[in-house]
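Just below is one structure, and these are the notes that go with it.
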Amino acid sequence: MGIIWNGKRLFDNKKPYKTLLISCFMVEEKDCIFCKIVNGEIPSEKTYEDDNFIAFLDINPKAEGHTVIVSKKHFRNLLDMPTTLGNEMLDAVKNVALDLIKNGNAEGFNLVVNNEPAAGQIVFHAHCHILPRKKDDGLKMLV
Ligand code: 5GP
Ligand code: ZN
């Protein structure tokens with residue numbers, strides 16, 4: 001049982017409040033893994049949160065402390081994200097990276113943004129990667 005609008009089920013008996021909110025503000029895309037992490041349906045090791053972004057450890061780390069910074073709203077990638085939000089993402093990047101450096105978990109970092117499949121994007125929800133670096137850690141980057 002539930003409410004159907006425009007052929008879509010708006011909410012059912014299980015999570016009416018959350019689903020109604022999400023439908024109204026259109027911040028979530030069905031079946032998007034990062035939307036599910038943002039709304040707490042899938043657990044993550046969260047390391048940072050502000051009004052528009054969260055950061056959590058990557059499930060398949062390419063370096064120790066590999067962190068993804070994810071927009072709370074769903075956009076396909078950087079190309080869809082409003083530029084003002086891009087500025088805020090850079091603030092989040094700096095906060096996360098400075099924390100890693102202050103805590104001795106990094107001496108520097110690489111910032112990676114994969115956009116579209118040709119560039120290696122596998123999760124189609126705007127995000128960027130912080131790869132903590134230490135001198136002589138042996139990690140090879142493309143550039
Ligand atoms: P990209 O789309 O930029 O290639 O990378 C997406 C990243 O998300 C990958 O590095 C992948 O390991 C990570 N990832 C995918 N699913 C999950 C998940 O459920 N939890 C976490 N923590 N990371 C994930
Ligand atoms: Zn999403």
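When a ligand or atom number is given, it counts from 1 through the structure's own listing order. Position 1 is the first residue of the sequence; numbering continues from there.
- Protein residues with a heavy atom under 4.0 Å from ligand 1 are I33, F34, I37, F56, L57, D58, I59, N60, N114, G120, Q121, I122, V123, H127, H129.
- Annotation: salt bridge (charged side-chain N to carboxylate O under 4.0 Å, His left out) contacts of D137 (sequence neighbours excluded): R133.
- Taking the N/O/S atoms of H125 in turn, the shortest distance to the Zn ion (ligand 2) belongs to ND1.
- The six-membered or imidazole ring of H129 lies near that of H127, with a centre-to-centre distance under 6.0 Å.
- If you look at F34 and F56, their ring centroids are closer than 6.0 Å.
- The Zn ion (ligand 2) is closest to atom ND1 of H74 (considering only N, O or S atoms).
- When all heavy atoms of D80 and F75 are compared, the closest pair comes out as O-CD2, 3.5 Å.
- Applying the salt bridge (charged side-chain N to carboxylate O under 4.0 Å, His left out) criterion to E49, with sequence neighbours excluded, gives K46, K72.
- Residues that satisfy the side chain to side chain contact (heavy atoms under 4.5 Å, CB included) test with K62, not counting sequence neighbours, are N60, H66, L131.
- To the nearest 10 degrees, the Zn ion (ligand 2) sees SG of C32 and SG of C35 at an angle of 120°.
- With L78 as reference, N115 is the one residue of N114, N115, T83 to meet the side-chain contact (heavy atoms from CB on, under 4.5 Å) rule.
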